[in-house]
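In each ligand, atom 1 is the first atom listed, and ligand 1 is the first ligand listed. Excluded from the calculations below are hydrogen atoms, water molecules and symmetry mates; all remaining heavy atoms, backbone and side chain alike, are included.
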Amino acid sequence: MQKYYAECTSCKKQAEAPPDITTCISCGSILDIKYDYEAIKKSISKEILSTRADRTMWRYREFLPIMDTTDVTGGLRVGDSPLYKAERLGEAAGLSNLYIKDDGLNPTSSLKDRASAMAVVKAREAGASVIACASTGNAASSLAGSAAKAGFKTYIFVPGRAPRGKVTQLLIFGANVISVDGSYEETFKLSAKAIERWGWYTRNAAINPFLAEGKKTVSFEIAEQLNWEIPDYVAVSVGDGCTVAGVWKGFQDLYAAGLTAKLPRLISVQAEGCCPINSAVRANSDKLVPMAENTLADSIAVGVPRNFSKAVRAIRESNGVTVNVSDKEILDAMVLLGKTAGVFAEPAGAAGTAGIIKARGQGLIPRDASVVSIVTGNGLKDVASGEKAAGAPISTPPDMDALIAEFEKAGVAPQ
Ligand SMILES: Cc1ncc(COP(=O)(O)O)c(C=O)c1O
Ligand SMILES: [Zn+2]
């Protein structure tokens with residue numbers, strides 16, 4: 001008997017979860033992976049976890065949907081990203097307990113490494129040799145990296161707008177890269193047709209129910225790093241909705257297994273120019289109204305979110321806060337994160353922080369609340385946006401007088 005099974009998010013039908021399972025065979029909806037939490041309670045404790053030498057995401061094996069016989073060693077080192085207390089950023093935001101979980105420090109520089117490491121392990125269990133996905137960029141580069149290490153061939157579809165840094169990662173990792181001249185929605189649809197035609201293992205967001213199980217390990221780490229004191233709020237940027245759903249699943253699992261006695265409130269951050277999930281939550285509606293993909297935060301420019309219902313459910317269940325931020329607010333948060341915390345985030349990676357600052361400004365979060373901002377992707381992936389946020393350096397010929405003149409021009413008074 002497997003220790004995990006699949007449950008349909010819509011018709012609630014339960015079924016075994018073979019490694020190549022996708023959507024519900026009865027109604028076609030997205031699946032959840034569920035566990036026997038009583039069995040987990042008997043096999044894991046905080047004390048056992050504290051003695052484990054493995055710091056990667058696989059240290060939470062009891063909570064992960066992998067076969068007992070599966071060897072998870074030998075992949076890229078995913079997980080164990082730092083959680084910083086961000087005093088100076090907190091001061092700027094008016095918060096006394098603000099933390100940054102820098103998931104941009106994963107091997108291919110985004111939180112998506114957690115899902116891709118899982119996808120590669122499940123593809124191996126399924127006996128597949130080729131993995132494919134459509135992605136705004138980070139799921140793509142993380143899949144290409146983990147697949148390269150494990151020896152899989154990959155076909156990866158990205159919208160033409162994907163930043164060069166992410167596309168270059170794909171090429172370096174040896175993926176077959178298909179840059180689609182169209183939106184993310186069109187890219188996704190083309191990938192789905194190709195996956196069906198050639199029978200590849202799918203790492204597509206939401207379609208593969210195991211991915212959220214990888215992502216949820218970020219919440220396990222936050223809990224452990226805070227000495228099991230669950231924060232009041234956790235902020236994350238939202239595109240397809242898989243990440244926010246995964247983050248919520250992680251906290252729910254810990255609660256269900258009796259390791260924690262509290263759940264955080266989620267802060268769901270979307271871009272003003274593309275916020276279909278937050279709009280539905282605010283309207284108390286279960287209907288997805290597609291939007292244009294109008295933001296420089298390319299990773300969360302998702303007009304038709306693939307994991308809409310799971311994301312909406314997660315935000316609601318957590319009594320969450322929805323915040324929409326402008327591109328200017330995202331760029332400002334990138335600069336603030338950099339100069340007060342030493343963390344370089346890509347726009348979608350800084351959006352969570354932008355949302356926290358905005359929510360605090362609107363009085364939606366109390367000053368003394370404990371708040372974690374998950375930085376989901378590293379800024380070096382999208383240097384053009386970094387330049388837009390931070391501006392140009394002082395440029396001078398190699399001459400002292402010229403330097404002084406340039407300092408004066410720039411209003412810099414060196415001491
Ligand atoms: C850096 C970054 N942040 C946030 C997200 C949003 O995740 P999701 O699409 O699962 O909602 C993504 C997704 O690509 C991402 O790459
Ligand atoms: Zn169903």
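Minimum interatomic distance between Y5 and A15 (heavy atoms only, all atoms of both residues): CB-O, 3.4 Å. The minimum heavy-atom distance between E221 and D80, with the atom names listed, is OE2-N, 2.7 Å.
Side-chain polar atoms of Q252 and Y37 form no donor-acceptor pair below 3.5 angstrom. Looking only at atom types and distance, the side chain of D103 has no donor-acceptor partner in the side chain of T376 under 3.5 Å away. With 3.5 Å as the limit, one finds no donor-acceptor pair spanning the side chains of Q14 and K34. Using modelled atom types and a 3.5 Å distance limit, the side chains of K122 and N208 yield no donor-acceptor pair.
For the pairing with E62, the salt bridge (charged side-chain N to carboxylate O under 4.0 Å, His left out) check across K42, K3, K41, R52 returns one residue only, R52.
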CA sep, side-chain torsions, deciding dist, call: D327, K388, salt bridge (charged side-chain N to carboxylate O under 4.0 Å, His left out):
CA-CA 11 Å; D327 283 357; K388 218 179 250 177; over 6 Å; no
Test D54 against R61 for salt bridge (charged side-chain N to carboxylate O under 4.0 Å, His left out), laying out the working first.
CA-CA 11 Å; D54 179 8; R61 188 175 177 130; over 6 Å; no
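Protein N, O or S atom count below 2.8 Å of the Zn ion (ligand 2): the structure gives 4.
Contact residues for ligand 1 (protein heavy atom closer than 4.0 angstrom to any ligand atom): K112, T136, N138, K215, S237, V238, G239, D240, G241, C242, T243, S299, I300, E346, A348, T376, G377.
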